[in-house]
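The structure appears below as C-alpha cells.
Owing to the predicted nature of the structure, the values given are computational and were not obtained by experimental measurement.
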Amino acid sequence: GTFGGPVEIPSLYNGKDKTFFFVSYEGLRVTAPQPASVNYVPDLCMRALGACPSGREPAAGALLPALNAFPLPTPNGIDDTENGIAQYIGSWSNPSSLNSTSVRFDHVANDKLRFFFRFSNTSSSTATRGTALQAESPAVNEISLYTSRTYTAGASSVFSSHLSNEFRLNYSSNETSGSYVIDAFGGNTPVNLAQLLAVSTAANVGINLSYSGYNTSVQQFQQSAAQRQWNFVDAVSFSFGRHQVKFGMDFRRLAPFAVQPTPEIPYYYGSIDGEKDVEMNDALTNVQAYAPAYPLYKNFSAFGQDEWKVSERLTLSFGLRWEVNPAPGVTQGVKPYTVQGSSPSTWALAPEGTPLWQTTWYNFAPRLGAAYVLRNASGWEEVVRGGGGVFFDTGQQLGAVGFNGPGFLATTQYQVAPFPSPVVVPIIVNPPVAGSYSTNPYGFAAHLQLPYTLQWNASFEQGLGKSQA
C-alpha cells in the first residue's frame, strides 16, 4: 500500500506546494512446500530401538541422545544394515516473511533550494530445514533474520543559471542473525548438544556421520553480524560556453562486525573405522575458538570532469578521479596482524597496530570519452561512441582476511575422543608469541598498489525511423 500528499498540521503548518510526504508498505508471507526427499539417518539398531543384525551392536549409550535427534527411519525406506544408515523420506514447508516500509519527505524552500529525507526499513525471516544435498538432517532448522535500515538526506541548490550543487548524506545499517536449531521433526527427540557438552549455548557443536558414501549431520549454533555505513557525497556543477564542468567528492565509512559461534566443536564419525566408530564412540574432533572482529574501512575519492561540446557533431568527455583507500582498521578490539621483514628468511609477525599496508596517495584514474554524430537526419541518426579509462577497486576485500589470522583464532590438534567429553577451549593469545597461534598471518606488500581495471568500449547507434524506439 502507498499513501502520500502535502504535509499539513492544523493551526501549526500548511505545507501545500512546499512540503510533501510519501509512505509505502509491502508485506509478504510465503510457506513454500518442499518436494519429498530422501535423507539419511541412523537406523533403529544404531539407536538401540530395534534388533541388530549379526556383527553389529547399538551405538555407545552416551552417543544415543545425539543419534535420536535425527528423524526416525521411514518404515518403507531402505535400511543399509551393514552401515547402520536408513532412509527418512518426507516433505515439509519452509516459511519466510518480508516487511518493507519506506517514508519520504520533500520540501521546497524556494526556487533555488530543495531538501529531501528518506527512510526505509526492511526486515525478513526464513526458516529452512537441512537436506541430504547439504549433508544436514531435516531435524536441523536453519533460521535467518535480516534487518536493513537506511536514512538519506539531501539538498539541491541552484546558485545561478550556470552553477548548482548536489549534496547527499546517508547512514545505513544491516543486521543479520542466524541459528541452527535441532527441533521436533520426524519423530525424533530434540536435544541440546551444547548442554550435553557443558559448554556455552553460543558454541557450534555438530555430530557428523560420514562413511561408505553417506554424509549426514545434526548441528546447532548461533551467530550474528552487522554492517554500519556512513556515506557523504557532494558535487558542484558549472557550465560556461560549450563546457559543463563538475567537481565532487565521496567519503564512505564502513564499520561491520561479526560474532561467530565459539567454540566450534565438530565430531566426525567414520573417519577411523566406518560404522564401528559409532559403536565404539570414537570420533575425530578438535576445538576452535574465535574472537569477535570489528573492522573499519574508510574510502575517499574526489573527481573532476568536463563535458565539452566541440561542435554540433563532436562531444568530448574528460575526467580524473583520485582514490584514497587505507588499510583496514578497527572500531574496537584487536587490529589484524601482518608480517614484517625483507624476505621469507626474515619474515616475522609485526607488532599489533602495524597497518597491513601503507596508504598510497597516487591512485589517479584518468578517463576519456567521445561521441560523434555521423548523420543527424531526424529519425535516422547515426552516432559513434567510444571511451576508456582506469577504474580502481578499494583493495579492502583482501584486507579483511587479516581478521582470520593470529589474534582472532585458536585451534587444537585433531584427536580421537568420545561424545560427550570434557572440552578444553584453546586460548587466543594477544599479542601472539611464536608457537601460540595455529593460523598463519597474512602479509601484504608494504606499498600495496590498489587493484585496478583498464576498460574501453565502443558503440554504434542507428535510428530506424521516427516511429521506432
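The aromatic rings of Tyr414 and Tyr268 sit tilted relative to each other, their planes meeting at an angle between 30° and 60°. Relative orientation of the Tyr269 and Tyr267 rings is parallel, given thresholds of 30° and 60° on the angle between their planes. By the 30° and 60° cut-offs, the orientation of the rings of Phe403 relative to Phe408 is perpendicular.
Residue pairs satisfying the disulfide (SG to SG under 2.5 Å) criterion with at least one member in residues 272-307, sequence neighbours excluded, are absent. Residue pairs meeting the side chain to side chain donor-acceptor pair (under 3.5 Å) criterion with at least one partner in residues 35-48, sequence neighbours excluded, are Ser37-Asn39, Asp43-Arg56. Identified under the disulfide (SG to SG under 2.5 Å) test for residues 23-73, with sequence neighbours left out: Cys45-Cys52.
Using a 4.0 Å cut-off between a side-chain N of Lys or Arg and a carboxylate O of Asp or Glu, Asp250 and Arg252 do not qualify as a salt bridge.
Across Phe70 and Thr216, no two heavy atoms sit closer than the pair CE2-OG1, 3.6 Å. Taking every heavy atom of both residues into account, Gln219 and Tyr180 meet most closely at O-CB, 3.6 Å. The two residues Leu356 and Gly399 make their nearest non-hydrogen contact at CD1-O, 3.4 Å. Residue Ser93 comes nearest to Thr31 through the heavy atom pair CB-CG2, 3.4 Å, listed as atom of the first residue, atom of the second, then distance. Thr359 and Val324 get closest at one heavy-atom pair: CG2-CG1, 3.9 Å.
When the side chain to side chain contact (heavy atoms under 4.5 Å, CB included) test is applied to Asn440, no partner is found at least two apart in sequence or on another chain. Applying the ring-ring contact (aromatic ring centres under 6.0 Å, His included) criterion to Tyr146, with sequence neighbours excluded, gives no partner residue. For Arg367, the side chain to side chain contact (heavy atoms under 4.5 Å, CB included) criterion is met by Arg321, Ala365, Phe391, not counting sequence neighbours. Among residues two or more places apart in sequence or in another chain, the side chain to side chain contact (heavy atoms under 4.5 Å, CB included) test is passed with Phe167 by Asn165, Leu169, Phe232, Asp234. By the side chain to side chain contact (heavy atoms under 4.5 Å, CB included) test, Ser317 is found to be paired with Glu307, residues two or more places apart in sequence or in another chain being considered. Considering only residues two or more places apart in sequence or on other chains, Phe257 meets the ring-ring contact (aromatic ring centres under 6.0 Å, His included) condition with Tyr294. Annotation: ring-ring contact (aromatic ring centres under 6.0 Å, His included) contacts of Phe105 (sequence neighbours excluded): none.
In summary, the side chains of Tyr25 and Asn99 do present a donor paired with an acceptor at a separation below 3.5 Å, with no hydrogens or angles considered. Residues Asn170 and Ser172 have side chains that bring a donor and an acceptor to within less than 3.5 angstrom of each other. Checking Tyr211 against Glu275 by side-chain atom types alone, no donor-acceptor pair falls below 3.5 Å.
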Mind listing the side-chain donor-acceptor pairs of residues 343-353 below 3.5 Å, one per line with the distance, residues two or more places apart or on another chain?
{"from": "Ser343", "atom 1": "OG", "to": "Ser345", "atom 2": "OG", "distance (Å)": "3.0"}
{"from": "Thr346", "atom 1": "OG1", "to": "Ser342", "atom 2": "N", "distance (Å)": "3.1"}
{"from": "Thr346", "atom 1": "OG1", "to": "Ser343", "atom 2": "N", "distance (Å)": "3.1"}
{"from": "Thr346", "atom 1": "OG1", "to": "Ser343", "atom 2": "O", "distance (Å)": "3.1"}
{"from": "Trp347", "atom 1": "NE1", "to": "Ser343", "atom 2": "O", "distance (Å)": "3.4"}
{"from": "Glu352", "atom 1": "OE2", "to": "Lys335", "atom 2": "N", "distance (Å)": "3.0"}

Tabulate below the donor-acceptor pairs under 3.5 Å that side-chain atoms of residues 182-202 make, not counting sequence neighbours, or state none.
{"from": "Asp183", "atom 1": "OD1", "to": "Arg129", "atom 2": "NH1", "distance (Å)": "2.9"}
{"from": "Asp183", "atom 1": "OD1", "to": "Arg129", "atom 2": "NH2", "distance (Å)": "3.3"}
{"from": "Asp183", "atom 1": "OD2", "to": "Arg129", "atom 2": "NH2", "distance (Å)": "3.1"}
{"from": "Asp183", "atom 1": "OD2", "to": "Asn141", "atom 2": "ND2", "distance (Å)": "3.4"}
{"from": "Asn188", "atom 1": "OD1", "to": "Phe185", "atom 2": "N", "distance (Å)": "2.7"}
{"from": "Asn188", "atom 1": "ND2", "to": "Ala69", "atom 2": "O", "distance (Å)": "2.7"}
{"from": "Asn188", "atom 1": "ND2", "to": "Asp183", "atom 2": "O", "distance (Å)": "3.1"}
{"from": "Asn192", "atom 1": "OD1", "to": "Ala194", "atom 2": "N", "distance (Å)": "3.1"}
{"from": "Asn192", "atom 1": "OD1", "to": "Gln195", "atom 2": "N", "distance (Å)": "2.9"}
{"from": "Asn192", "atom 1": "OD1", "to": "Gln220", "atom 2": "NE2", "distance (Å)": "2.9"}
{"from": "Ser200", "atom 1": "OG", "to": "Ala202", "atom 2": "N", "distance (Å)": "3.0"}

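Other residues, nucleotides and ligands contribute over 12 non-hydrogen atoms within 6.0 Å of the CD atom of Gln449.
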| query | Given the rule in the ring pair (Phe, Tyr, Trp, His ring centres under 6.0 Å) test, do Phe21 and Phe3 qualify, once you have shown the distances and angles that lead to the verdict? | reply | CA-CA 8 Å; Phe21 75 95; Phe3 179 66; 5.4 Å; yes
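With a 6.0 Å cutoff to the six-membered ring centre and a 45° limit on the axis angle, Arg118 counts as a cation-pi contact of Phe116.
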